[in-house]
Q: 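The following block contains the structure, expressed as structure tokens.
The shown structure was predicted, so the numbers you read here are calculated from the model rather than taken from an experiment.
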Amino acid sequence: MHRPARRRETGAVLGHLGVNVPDLHQASAYYGPLMPLLGYEPFMTAEDAVAYMPAGGKRGAYLFLYEATEAGTYTSGHSGLQHLAFIVPTRGVVHQVHAHVARAGSTVLHRPQEWPQYPPPYFATFWLDPFGIMLEAVCHHDRE
């Protein structure tokens, strides 16, 4: 894997992601307790959307969940969204997220572990939300 040279921070950041879900009420119930573990807080709730923003005024992309207007089955293998990765500050948070999603009944794809095939340090867990969307909590530090 080619890793580009480090560059100066330019201030550019992805503004937000919008993800359609088949059941907004179920998504809100699932993501509500999860997002604070990932460093997010509620941004807005509307009849057709719920959104989260980086907590404490930190920079980062907002996540909007919208009620899908067309029926269909999601799969990460089709064109479109493959997965969402959330950077967390410590390996301990990766373990906390893993414990939370396991208690919530999520399908855990990969327990917390190092991923030597990615530029180190890379410590992550992967799981599926109730709609089959793959999510990841990743720490790029060696600190617990």
Q: Taking only residues at least two apart or on different chains, which pairs with a member in residues 18-44 satisfy side-chain hydrogen bond (donor to acceptor under 3.5 Å, both in side chains)?
A: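 Sorted pair list: Tyr30-Ser106, Tyr30-Trp127, Tyr31-Asp129.
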Q: Please say which of Val138, Leu63, Val94 ends up in a side-chain contact (heavy atoms from CB on, under 4.5 Å) with Phe86.
A: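 That would be Leu63.
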Q: Do you know the tightest heavy-atom contact between Leu128 and Gly132?
A: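 In this case the closest contact between Leu128 and Gly132 is CD2-O, 3.6 Å.
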Q: Can we call the ring centroids of Phe123 and His95 under 6.0 Å apart?
A: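 Judged by ring-centre distance (under 6.0 Å), Phe123 and His95 do meet the cut-off.
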Q: Should Val19 and Leu14 be regarded as members of a common hydrophobic cluster, given that ILVMFWY residues are connected when their side-chain heavy atoms come within less than 4.5 Å of each other, either directly or indirectly?
A: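 Same cluster: Val19 reaches Leu14 through Ile, Leu, Val, Met, Phe, Trp or Tyr contacts under 4.5 Å.
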Q: Compare all side-chain heavy atoms of Leu65 with those of Leu24 and state whether any distance is below 4.5 angstrom.
A: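 They are in side-chain contact.
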Q: How far apart are the closest heavy atoms of Glu136 and Ala85, and which atoms are they?
A: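 Answer, listing the atom of Glu136 first, then Ala85: OE1-CB, 3.3 Å.
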Q: Does Tyr52 reach the side chain of Phe64, with side-chain heavy atoms less than 4.5 Å apart?
A: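 Side chain of Tyr52 against side chain of Phe64, heavy atoms only: no contact under 4.5 Å found.
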Q: Nearest 0.5 angstrom please: His83 NE2 to Leu135 CG, how far?
A: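 That separation rounds to 9.0 Å.
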Q: Dump the intermediate steps for side chain to side chain contact (heavy atoms under 4.5 Å, CB included) on Leu81 and Leu17, then the final yes or no.
A: CA-CA 10 Å; Leu81 180 69; Leu17 295 168; over 6 Å; no
Q: Between OG1 of Thr73 and NE2 of His78, what distance do you get to the nearest 0.5 Å?
A: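 Output value for this atom pair is 9.0 Å.
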Q: I need the minimum non-hydrogen distance between Ala137 and Val97, along with the two atoms involved.
A: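 Looking at all heavy atoms of both residues, the shortest contact is CB-CG1, 4.0 Å.
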Q: Any pair with a residue in residues 75-92 that passes salt bridge (charged side-chain N to carboxylate O under 4.0 Å, His left out), sequence neighbours left out, goes on the list, sorted by first then second residue, please.
A: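 Applying salt bridge (charged side-chain N to carboxylate O under 4.0 Å, His left out) to every pair that reaches into residues 75-92, excluding sequence neighbours, yields Arg91-Glu114, Arg91-Asp142.
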Q: For residues Val108 and His98, determine if any side-chain heavy atom of one lies less than 4.5 Å from a side-chain heavy atom of the other.
A: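 Heavy-atom side-chain distance check passes, below 4.5 Å.
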Q: Test your reading of the model: is there a side-chain donor-acceptor pair from Gln113 to the backbone of Arg111, 3.5 Å cut-off?
A: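 Here the side-chain-to-backbone pair exists.
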Q: Do Val50 and Tyr66 touch side chain to side chain, with heavy atoms closer than 4.5 Å?
A: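 Val50 does not reach Tyr66 side chain to side chain.
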Q: Do Tyr122 and Leu109 sit in one hydrophobic cluster, given that two such residues count as connected whenever their side-chain heavy atoms are within less than 4.5 Å of each other, even indirectly?
A: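 Same cluster: Tyr122 reaches Leu109 through Ile, Leu, Val, Met, Phe, Trp or Tyr contacts under 4.5 Å.
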Q: Which heavy atom in Gln82 sits nearest to a heavy atom in Tyr74, and how many Å separate them?
A: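 Shortest heavy-atom contact: O-OH, 3.6 Å.
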Q: Report the distance from atom CG of Leu37 to atom CD of Gln96, rounding to the nearest 0.5 Å.
A: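 It is 6.5 Å, given to the nearest 0.5 Å.
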Q: Does the side chain of Leu84 reach to within under 4.5 Å of the side chain of Met134, using non-hydrogen atoms?
A: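 No, every pair of side-chain atoms sits at 4.5 Å or beyond.
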Q: When rounded to the nearest 0.5 angstrom, what is the spacing between NE2 in His140 and OG1 in Thr90?
A: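 It comes to 13.0 Å.
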Q: Quick check, are the ring centers of Tyr62 and His16 under 6.0 angstrom apart?
A: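 For Tyr62 and His16, the ring centres are not under 6.0 Å apart.
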Q: Which pair of heavy atoms, one from Ala29 and one from Pro33, lies closest together, and at what distance?
A: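 Closest approach of Ala29 to Pro33, heavy atoms only: O-CD, 3.1 Å.
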